[in-house]
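Atom set for the values below is all heavy atoms of this structure, side chains included, hydrogens, waters and symmetry mates excluded. Note that the structure is predicted; figures quoted are calculated from it, not measured.
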Amino acid sequence: MASPIGHAIAGVTCAAAVSAAAGAPDGSAFWIGAIVAAGAPDLDFVPCLCGVGSGRGHRRASHSLVSIVALIAAAFLVWSGGLVPLDGRSLVAWSAALFTHPLLDLVTTGPRIASRGFGITLLWPLSNHRWFLRRPLFEQEGEWLRCRSFRCLIAGVLPEVVWLGPLCVGVAALGLLR
């Protein structure tokens, strides 16, 4: 299970790559939008953090590729109707950032956390199957969620930064070279 930091890195990296290819406008609003889009699917976990519910609904509709495609289609309809004054290229980059979320969760979810019902429902509502990898990319599988100290949190998130950080720097460097 990827952390918010891992999702932000993956989302910004993907948005930067798409932005470089599409020529989306640069600026702090663009990058904040990419971070928000990359983390948005985890908003379904907020009630659980507030003590409401068991978290069983987490990683269901909000992590479904079907739902994400529908959300992006709705956003483009609103944008094309002129209701929101955004650059369409930014919307494309943010959509790419949004897609990184379920994919990163998939490659960081293994059998241990999936056995507790936290696999990824990539095809919901067509299927309730929860997907996971037998050997996830990061072996700690969301252990950062259990941390009670800053040191533990850093140790839990560090593998994501080590794996995803150089990728982000590389994409940023390629973007600067265009």
Side-chain angles (χ1 to χ4, degrees), residues 1-45 49 58-59 62-65 68-69 71-72 75 86-114 118-122 130-178:
M1 175 184 298
S3 73
I5 292 172
H7 284 302
I9 292 171
V12 164
T13 300
C14 193
V18 170
S19 171
D26 199 6
S28 59
F30 174 81
W31 299 113
I32 291 169
I35 292 168
V36 169
D42 277 342
L43 289 175
D44 66 353
F45 198 63
L49 292 174
H58 180 54
R59 294 179 154 196
S62 66
H63 287 63
S64 165
L65 297 177
I68 289 173
V69 167
L71 176 66
I72 290 170
L86 284 175
D87 186 294
R89 297 169 296 183
S90 294
L91 198 51
V92 169
W94 293 338
S95 298
L98 179 60
F99 269 113
T100 66
H101 191 104
L103 300 177
L104 184 59
D105 273 355
L106 177 65
V107 300
T108 59
T109 299
R112 189 176 72 223
I113 199 164
F118 286 103
I120 312 300
T121 54
L122 290 176
R130 290 190 175 259
W131 299 85
F132 64 93
L133 296 183
R134 293 196 191 287
R135 300 191 72 207
L137 187 58
F138 308 125
E139 290 296 325
Q140 82 276 10
E141 285 193 71
E143 292 300 321
W144 59 270
L145 282 171
R146 302 180 202 278
C147 290
R148 300 287 184 242
S149 71
F150 185 70
R151 175 180 274 177
C152 174
L153 183 63
I154 294 299
V157 174
L158 190 61
E160 294 176 20
V161 174
V162 168
W163 277 81
L164 298 172
L167 177 65
C168 186
V169 170
V171 168
L174 288 174
L176 292 174
L177 298 176
R178 65 179 165 122

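Judged by distance alone, the side chain of Ser90 and the main-chain N or O of Phe30 form no donor-acceptor pair under 3.5 Å. Of the possible donor and acceptor atoms, none in the side chain of Trp31 sits under 3.5 Å from a partner among the backbone N and O of Asp26. Side-chain N or O atoms of His63 include none that pairs as donor or acceptor with a backbone N or O of Thr121 at under 3.5 Å.
When all heavy atoms of Pro111 and Leu133 are compared, the pair lying nearest together is CD-O, 3.3 Å. The two residues Pro41 and Ser62 have their closest heavy-atom pair at O-OG, 2.7 Å. Across all non-hydrogen atoms, the minimal contact from Ala37 to Ala97 is CB-CB, 4.2 Å. The minimum heavy-atom distance between Thr100 and Cys14, with the atom names listed, is CG2-CB, 3.4 Å. Ile35 and Ala8 get closest at one heavy-atom pair: CG2-CB, 4.2 Å. Arg89 and Pro25 get closest at one heavy-atom pair: NH2-CD, 4.2 Å.
Between the CG atom of Leu106 and the CH2 atom of Trp131 there is a distance of 9.0 Å, given to the nearest 0.5 Å. Between atom CZ of residue Phe132 and atom CG of residue Leu122 there is a gap of 12.5 Å, rounded to the nearest 0.5 Å. In this structure, Asp42 CG and Asp105 CG are separated by 6.0 Å, a value rounded to the nearest 0.5 Å. The distance from the CG atom of Leu103 to the NE2 atom of His7 is 10.5 Å, given to the nearest 0.5 Å. Separation of atoms CD1 (Ile120) and OG1 (Thr108) is listed at 7.0 Å; rounding is to 0.5 Å.
Side-chain atoms of Ile68 and Phe99, non-hydrogen and from C-beta on, do get closer than 4.5 Å to each other.
The number of heavy atoms from other shown groups lying within 6.0 Å of CG (Leu71) is above 12.
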Q. Yes or no on side-chain contact (heavy atoms from CB on, under 4.5 Å) for Leu104 and Leu164, after CA distance, side-chain angles and deciding distance?
A. CA-CA 10 Å; Leu104 184 59; Leu164 298 172; 4.2 Å; yes
